[in-house]
Asks: 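Below is one structure. I have some questions about it.
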Amino acid sequence: MTTKKDKAVGIIGIGSYVPARAVTNKDMEAIVETSDEWISERTGIKCRHFVAEDEHTSDIATRAAERALKDANLTADDIDLIVVATATPDMLFPSTACLVQHNLNAGKAAAYDLSAGCSGFMYSIATASQFIKTGLYKYILVIGAETLSRLMDFTDRNTCVLFGDGAGAVVLGEVPEGYGILGVHLGSDGGGGPLLSLPAGGTRIPASEESVKNRLHYIHMEGNEVFKFAVKVMGEAAVKALDHAGMQSSEVEWLIPHQANIRIIQSAAKRLKMPMEKVIVNVDRYGNTSSASIPIALEEAIHDGRIKSGQTVVMVGFGAGLTWASTVIRWHHK
Ligand code: ACO
């Protein structure tokens, strides 16, 4: 009996797209009772971007995907599968991935959405990479895309100052042995679901006059509880992916945490004994873009030259579900 070795899978192209409209903390002061000082001190956020009236999750996902394809030197015809991680799909169905498949004219691609809140991009990388590992598919687009501004309650200062819109995309493909995805860890605790949810608009509470009156079509969050959960789980999850890779945090050059709150990011770095100079942070400019936050941060750090070929990066996220997820990659430049 012959045993077939799994292929090494990694990111071979990356792109991101953040909508043009920048909304500063000062702008938020005109909308709810808040202050630049409060938002900056408690979250580290200074600015976020919101989509235009005619821009939807599938549109910004498509823009990011086009850039990732260009970066990979591929065309949409090469893509076997499109996975979109999103908590803010255009519609309940069809999937946003199918809308992107149509926009890109990716004729041979299968397409599906994956729902794991802010951990969605990590979950999608973990699942999509299996198709390449086993040899079924060659090139896969994984996209994290969100238009959270559409589902935020602009009368609730506890949530509306935190989130922003954006998209990040990668092309997964085979890389040389020893590079690419080295370790993965995924987790969930469905009991914590009510801490962060969008209660209505699904089949449990379909849209009604009452659901609209009770503001159930917006993001609801128990911020303090989510904060405690995030602080606990971020460091733990990163260590588990490192264990899977057979590595220690001292061997890691870069940490890319989900960009939700600078205090959560700092505590994750502390748990991993990593100085903040090794942590990629852009929460100040984009706020929390949920499943898009990690690929946007990765794209910036790759294209500005901070992350170099051969370096090891740990990415770790947490979010609605509750979910958490982490990935260790060794970066490989073509
Ligand atoms: N401006 C001014 N004051 C505010 C604002 C605001 N925007 N929001 C809340 N406050 C007030 C509160 O009303 C409260 O006032 P009170 O003491 O008079 O009642 C006070 O500030 C303190 O509120 P806390 O909630 O205790 O503030 P905290 O320091 O915990 O910060 C925050 C709140 C930023 C939401 C924090 O809990 C947090 O970051 N939680 C995690 C959120 C998160 O990461 N969510 C994303 C999950 S990922 C996903 O899947 C989308």
Side-chain angles (χ1 to χ4, degrees), residues 23-48 57 85-89 114-124 144-167 186-190 192-199 218-235 237 256-268 281-284 286-297 315-326:
V23 179
T24 63
N25 289 349
K26 278 268 166 251
D27 296 327
M28 292 306 296
E29 286 177 8
I31 299 171
V32 274
E33 200 186 325
T34 190
S35 65
D36 175 36
E37 193 191 356
W38 192 97
I39 303 170
S40 304
E41 269 177 21
R42 302 286 180 125
T43 71
I45 299 166
K46 288 277 185 195
C47 185
R48 71 288 287 146
T57 299
T86 185
T88 52
L114 190 148
S115 166
C118 302
S119 315
F121 181 75
M122 300 281 88
Y123 262 72
S124 300
E146 306 283 2
T147 52
L148 291 142
S149 64
R150 290 275 159 74
L151 301 175
M152 278 165 8
D153 184 347
F154 283 97
T155 68
D156 176 13
R157 68 178 182 174
N158 291 293
T159 54
C160 75
V161 300
L162 303 175
F163 300 103
D165 302 336
L186 306 178
S188 71
D189 173 12
L195 299 178
L196 179 52
S197 69
L198 201 149
Y218 295 117
I219 296 166
H220 286 246
M221 183 174 73
E222 305 289 334
N224 282 320
E225 293 305 313
V226 175
F227 189 93
K228 281 186 247 165
F229 153 73
V231 164
K232 181 175 173 298
V233 89
M234 289 277 272
I256 307 187
H258 170 45
Q259 308 285 312
N261 182 316
I262 191 67
R263 292 183 291 147
I264 297 172
I265 293 172
Q266 284 161 345
S267 83
V281 177
N282 64 17
V283 67
D284 50 325
Y286 303 127
N288 179 349
T289 57
S290 190
S291 67
S293 94
I294 289 176
I296 292 173
M315 304 182 277
V316 56
F318 67 93
L322 298 169
T323 57
W324 55 91
S326 51

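This one's a predicted model, so the numbers in the text were calculated from it and none came from an experiment. Hydrogens, waters and symmetry mates play no part in the numbers below; they use all other heavy atoms, side chains included. We count ligands from 1, going down the list as the structure has it; atoms in each ligand are counted the same way.
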Asks: Counting heavy atoms only, name the option from Leu322, Val161, Ile45, Thr43 that's nearest to atom 34 (C) of ligand 1.
Replies: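 Looking at heavy atoms only, Thr43 sits closest to atom 34 (C) of ligand 1.
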Asks: Does a donor on one side chain and an acceptor on the other come within less than 3.5 Å for Thr147 and Thr57?
Replies: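 A pair is found: one side chain offers a donor N or O, the other an acceptor, under 3.5 Å apart.
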Asks: Asn261 side chain to Arg42 main-chain N or O, any donor-acceptor pair under 3.5 Å?
Replies: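 Flag set: sc Asn261 to bb Arg42 pair under 3.5 Å.
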Asks: Right, does atom 32 (C) of ligand 1 have protein non-hydrogen atoms nearer than 4.0 Å?
Replies: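 Answer no: nothing from the protein, no heavy atom, is under 4.0 Å.
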Asks: When you measure from atom 39 (O) of ligand 1 to every protein heavy atom, which one gives the shortest distance, and what is it?
Replies: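 The answer is Asn261 ND2, 2.7 Å.
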Asks: Within the 3.5 Å criterion, strictly below it, is a donor on Lys46 or Ser40 matched to an acceptor on the partner's side chain?
Replies: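 Checked: Lys46/Ser40 side chains pair up, N/O donor to acceptor below 3.5 Å.
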Asks: Show the numbers, then the answer: is there a side-chain contact (heavy atoms from CB on, under 4.5 Å) between Asp36 and Glu29?
Replies: CA-CA 7 Å; Asp36 175 36; Glu29 286 177 8; 3.6 Å; yes
Asks: To which protein heavy atom is atom 42 (C) of ligand 1 closest, and what is the distance rounded to 0.1 Å?
Replies: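 The answer is Met221 CE, 3.6 Å.
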Asks: Heavy atoms of the protein only: does one fall short of 4.0 Å from atom 17 (O) of ligand 1?
Replies: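 Answer no: nothing from the protein, no heavy atom, is under 4.0 Å.
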Asks: Can you check whether Arg42 has an N/O within less than 3.5 Å of an N/O in ligand 1?
Replies: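 N/O-N/O distance under 3.5 Å: yes.
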Asks: Taking Gly193's backbone N and O only, do any of them form a donor-acceptor pair with Ser197's side chain (distance below 3.5 Å, no angle check)?
Replies: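 No: the side chain of Ser197 does not pair with the backbone of Gly193.
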Asks: Under the 3.5 angstrom rule, does the side chain of Arg157 hit a backbone N or O of Glu33 as a donor-acceptor pair?
Replies: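 The answer is yes, because a donor-acceptor pair under 3.5 Å joins these two groups.
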Asks: At less than 4.0 angstrom from any non-hydrogen atom of Asn288, what atoms of ligand 1 do you find?
Replies: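 Ligand 1 atoms under the 4.0 Å threshold to Asn288: 46 (C), 48 (S).
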Asks: Just going by heavy-atom distances, which of Leu196, Thr88, Val32 is nearest to atom 47 (C) of ligand 1?
Replies: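 Looking at heavy atoms only, the winner is Leu196.
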Asks: Return yes if some donor-acceptor pair links the side-chain N/O of Arg48 with the main-chain N/O of Val161 below 3.5 Å, else return no.
Replies: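 Yes; at least one donor-acceptor contact below 3.5 Å.
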Asks: Pairs of nitrogen or oxygen atoms closer than 3.5 Å, one from Arg157 and one from ligand 1: do any exist?
Replies: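 For ligand 1, there is an N or O atom that lies under 3.5 Å from one belonging to Arg157.
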Asks: May I ask you to decide if Leu148's main-chain N or O and Asp165's side chain share a donor-acceptor pair within less than 3.5 Å?
Replies: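 Present.
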Asks: Can you name the atoms of ligand 1, numbered from 1 with element, that are less than 4.0 Å from a heavy atom of Cys118?
Replies: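 Atoms satisfying the 4.0 Å criterion: 48 (S), 49 (C), 50 (O), 51 (C).
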Asks: Main chain of Glu37, side chain of Asn25: is a donor-acceptor contact present, judged purely on distance under 3.5 Å?
Replies: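 No; judged by distance alone, with no hydrogens or angles, the pair does not exist.
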Asks: When you measure from the side chain of Glu222 to the backbone of Leu195, do you find a donor-acceptor pair of N or O atoms at a distance under 3.5 Å?
Replies: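 No.
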Asks: Would you say Leu322 and Phe229 make side-chain contact, with heavy atoms under 4.5 Å?
Replies: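 Leu322 vs Phe229: side chains touch.
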Asks: If you have a sec, work out which protein heavy atom is nearest atom 41 (C) of ligand 1 and how many Å separate them, to one decimal?
Replies: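 I find the closest protein heavy atom is Gly223 O, 3.6 Å.
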Asks: So does Thr289 get a backbone contact from the side chain of Glu146, meaning a donor-acceptor N/O pair under 3.5 Å?
Replies: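 Here the side-chain-to-backbone pair does not exist.
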Asks: Note the single closest protein heavy atom to atom 44 (O) of ligand 1, along with its residue, its atom name and the distance in Å.
Replies: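 Sorting protein heavy atoms by distance from atom 44 (O) of ligand 1 puts Ala260 CB, 3.4 Å first.
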Asks: For atom 9 (C) of ligand 1, find the nearest protein heavy atom and state the residue, atom name and distance (0.1 Å precision).
Replies: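 So the nearest neighbour among protein heavy atoms is Asn158 OD1, 3.1 Å.
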Asks: Looking only at protein heavy atoms, which one is nearest to atom 8 (N) of ligand 1, and how far off is it?
Replies: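 Ranked first by proximity to atom 8 (N) of ligand 1 is Trp38 CH2, 3.4 Å.
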Asks: Under 4.0 Å from atom 14 (C) of ligand 1, is there at least one protein heavy atom?
Replies: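 When distances to the protein are checked, atom 14 (C) of ligand 1 has no heavy atom within 4.0 Å.
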Asks: Answer yes if the side chains of Asn288 and His258 hold a donor-acceptor pair under 3.5 Å, and no otherwise.
Replies: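 Yes, side-chain donor-acceptor contact under 3.5 Å.
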Asks: Provide the number and element of each atom of ligand 1 under 4.0 Å from a heavy atom of Phe163.
Replies: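 Counting from 1, the qualifying ligand atoms are 51 (C).
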Asks: Give yes or no for whether the N/O distance cutoff of 3.5 Å, strictly under, is met between Asn224 and ligand 1.
Replies: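 Looking only at distances, the answer is yes, because the N/O contact criterion of under 3.5 Å is met.
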Asks: Record the part of Thr159 in heavy-atom contact with ligand 1 below 4.0 Å; permitted values are side chain, backbone, both and neither.
Replies: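 No part of Thr159 is near ligand 1 at this cut-off.
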Asks: Which heavy atom of the protein is the closest neighbour of atom 1 (N) of ligand 1, given with residue, atom name and distance?
Replies: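 The protein heavy atom lying closest is Thr34 OG1, 2.6 Å.
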Asks: Determine, using heavy atoms of Arg263 and all atoms of ligand 1, whether some pair is separated by less than 4.0 Å.
Replies: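 So Arg263 counts as touching ligand 1.
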Asks: Return the closest protein heavy atom for atom 36 (C) of ligand 1 as residue, atom name and distance.
Replies: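 The closest heavy atom on the protein side is Phe227 CD1, 3.9 Å.
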